[in-house]
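First comes the structure, then the notes that go with it.
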Protein chains: 2
Amino acid sequence: MVKGKMSKRQQQMITFIRDFLGDNNYPPTIREIGRACQISSTSVVNYNLNKLEDYGLIHRNLRVSRGIQISDTQHSPNLVPIPLVGRIFASKPVPVPDAPSSFAPDEYISLARDLVGDSADLFALEVSGDSMIDAMIGDGDVVVMKRQIEARNGDLAAIWLNDREETTLKHFFLEKGRVRLQPANPTMHPIYEKPENVQVQGKVVLVVRQINKA
Amino acid sequence: MVKGKMSKRQQQMITFIRDFLGDNNYPPTIREIGRACQISSTSVVNYNLNKLEDYGLIHRNLRVSRGIQISDTQHSPNLVPIPLVGRIFASKPVPVPDAPSSFAPDEYISLARDLVGDSADLFALEVSGDSMIDAMIGDGDVVVMKRQIEARNGDLAAIWLNDREETTLKHFFLEKGRVRLQPANPTMHPIYEKPENVQVQGKVVLVVRQINKA
DNA sequence: ATAATAACAGAACAGGTGTTCAGTGTCAAG
DNA sequence: CTTGACACTGAACACCTGTTCTGTTATTAT
């Protein structure tokens with residue numbers, strides 16, 4: 001992960017690589033990129049490719065012709081890449097990413113598009129510990145969330161409790177001046193909070209649990 | 001399309017190309033194919049590649065390095081289609097499909113290959129009811145299972161209990177003549193059964209929970 | 001057996017391709 | 001002004017890669 005924003009050229013290059021890959025199913029060469037982006041020198045293309053790799057947008061296989069892989073997507077229109085931005089603990093607020101595209105996480109999880117839709121505001125968190133057990137979410141589960149400030153009644157949301165200083169995943173209900181937080185596990189009882197004490201950080205859209213990670 | 005069947009070598013080659021493409025997202029060179037398939041001469045690889053193109057299995061871009069495209073109308077190589085064979089109730093045995101390809105389910109769920117691997121023995125079930133709550137699996141969850149008769153210690157398995165005549169999802173442990181079935185929820189206690197009373201129907205490899213099905 | 005065809009081996013060639021290096025200009029900080 | 005970082009140029013090098021050629025071996029038909 002590296003700071004800095006893409007230059008015009010780098011943006012042009014990565015869009016060309018993406019288009020080329022879509023047309024031909026194999027990545028372009030350095031000279032093909034240069035030709036398409038009006039770059040006369042192969043070393044400049046090489047230079048900017050290294051920058052793009054520093055940003056985490058591509059992966060280069062050194063000394064391999066056409067050894068460019070786009071890391072934001074396995075280049076499948078049916079797969080949605082979701083940045084895995086960190087881990088979630090009950091004792092800390094959810095590390096919600098600020099801007100959608102300004103940063104480049106080092107890890108992605110790919111999911112079929114029909115599972116999560118097309119939203120750009122998705123991010124994934126790996127759960128640490130059993131503190132979310134009342135939401136039927138266990139240690140090692142991956143929760144896919146949609147960044148949003150407000151929740152609608154019934155949403156399973158990540159909620160920061162100001163007084164307790166912890167994050168909880170519960171179903172959100174705003175009812176006559178108070179907030180009811182209902183555990184997903186129906187055998188457990190809800191808790192009630194004052195609206196000014198709760199802070200919605202995002203809405204859970206999917207939970208994935210891999211039993212045997214190879 | 002041309003008549004004739006593929007030789008052993010050609011079959012080996014095309015599977016290698018497919019695997020290579022899956023791993024690297026770019027096609028292999030002629031020499032990489034030859035190395036993987038124990039072919040000493042590049043001309044032989046070239047020879048057989050032309051045959052594969054005659055058969056319509058691949059498309060070659062002449063004079064382009066790694067210019068091999070697999071004309072695979074199939075799904076994306078990064079998505080695995082998993083048949084959704086039915087619903088799971090605690091009161092009934094899991095409807096395990098008999099033969100992998102002998103039946104045609106009307107519904108599929110697609111998952112990224114890196115989530116579930118390549119096994120052909122996968123099938124998916126939608127959970128009805130809250131009977132699996134002690135496995136942290138709720139109503140509407142989709143469990144992806146791998147068909148198998150035996151379970152190893154620690155596997156989260158679908159287990160049919162002969163006497164109670166019901167299915168349960170628990171972690172399986174065979175220990176000194178008895179079977180311990182441990183709920184995934186660590187706050188709940190295990191149950192113990194005689195080995196002849198339990199029947200493994202499959203092993204859970206993944207659980208997916210969609211919160212808001214659009 | 002003989003001939004024809006398919007499949008393969010090895011080598012060589014021309015051009016493609018990633019890499020590297022010595023410079024050039026720009027621009028902001030010291 | 002000087003310095004240094006940054007983006008870029010042009011050229012050269014070494015290896016990679018697809019192609020082609022000649023020749024050999026195996027298989028099949030006549």
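Bear in mind the structure is a predicted one, so any value in this text is a computation, not a measurement. Each chain gets a letter, A, B and so on, in the order the sequences are listed, and its residues count up from 1.
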Does A:R66 place a side-chain N or O at less than 4.0 Å from the phosphate oxygens OP1/OP2 of C:dT17?
yes
Expressed as a whole number of angstroms, how long is the span from A:I39:CD1 to D:dA7:C1'?
11 Å
Proximity to the side chain of B:S43 - top-ranked nucleotide from D:dT19, D:dT9, C:dG10:
C:dG10
Give the nucleotide from the list D:dG10, C:dC8, C:dA9 with an atom nearest to the side chain of B:S40.
C:dA9
Has the side chain of A:S65 got a donor or acceptor atom sitting under 3.5 Å from an opposite partner on the base of C:dG16?
no
Could you measure the distance from the CG atom of B:L57 to the CG atom of B:L52? Nearest 0.5 Å is fine.
6.0 Å
Whole angstrom value for the distance that separates P of C:dA9 from CD1 of B:I30
14 Å
Could you state the atom-to-atom distance from CD of B:Q12 to P of C:dC8 in whole Å?
11 Å
Could a donor-acceptor pair under 3.5 angstrom be found where the side chain of B:R31 meets the base of D:dG18?
yes
Using atom CG of B:N50 as one end and atom P of C:dC8 as the other, report the distance to the nearest whole Å.
13 Å
Figure out the CD/P separation between B:E32 and D:dC16, and round it to whole Å.
10 Å
Send over the distance from B:L62 CG to C:dG15 P, rounded to a whole Å.
16 Å
Quick one: do the B:R66 and A:N24 side chains pair a donor with an acceptor below 3.5 Å?
no
Specify the residue among A:S41 and A:T29 whose closest nucleotide of DNA chain C lies further upstream toward the 5′ end.
A:T29
Please determine whether a side-chain nitrogen or oxygen atom of B:Y47 lies at a distance below 4.0 Å from atom OP1 or OP2 of C:dC8.
no
Roughly how many Å is it from CD1 in A:I33 to P in D:dC8, rounded to a whole number?
14 Å
Taking the six-membered ring of A:Y192, is the NZ or CZ of A:R178 close enough (under 6.0 Å from the centre) and on axis enough (within 45°)?
yes
Ignoring hydrogens and geometry beyond distance, is a side-chain donor-acceptor pair present between A:R164 and A:N197 at under 3.5 Å?
no
A:R9 vs D:dC8: side-chain N/O to OP1/OP2 distance below 4.0 Å:
yes
Between A:R60 and B:Q38, who's closer to the 5' end of DNA chain C by nearest nucleotide?
B:Q38
Give one of base, sugar-phosphate or nothing for B:N48, where a contact means two heavy atoms less than 4.0 Å apart.
sugar-phosphate
Taking any heavy-atom pair under 4.0 Å as a contact, classify B:K8: base, sugar-phosphate, or nothing.
nothing
Between D:dT19 (C1') and B:I68 (CD1): distance, integer Å:
14 Å
Can you find a side chain N or O atom of B:K51 that sits less than 4.0 Å from OP1 or OP2 on C:dA7?
yes
May I ask you to evaluate whether A:N46 reaches the phosphate of C:dG18, defined as a side-chain N or O under 4.0 Å from OP1 or OP2?
no
Kindly say whether B:V44 contributes a backbone atom to a donor-acceptor pair with the side chain of B:R9 at under 3.5 angstrom?
no
Would you say the base of C:dT19 and the side-chain of A:T42 have a donor-acceptor pair closer than 3.5 Å?
yes
NZ (A:K51) and CD1 (A:I14) are apart, to the nearest 0.5 Å, by 14.5 Å
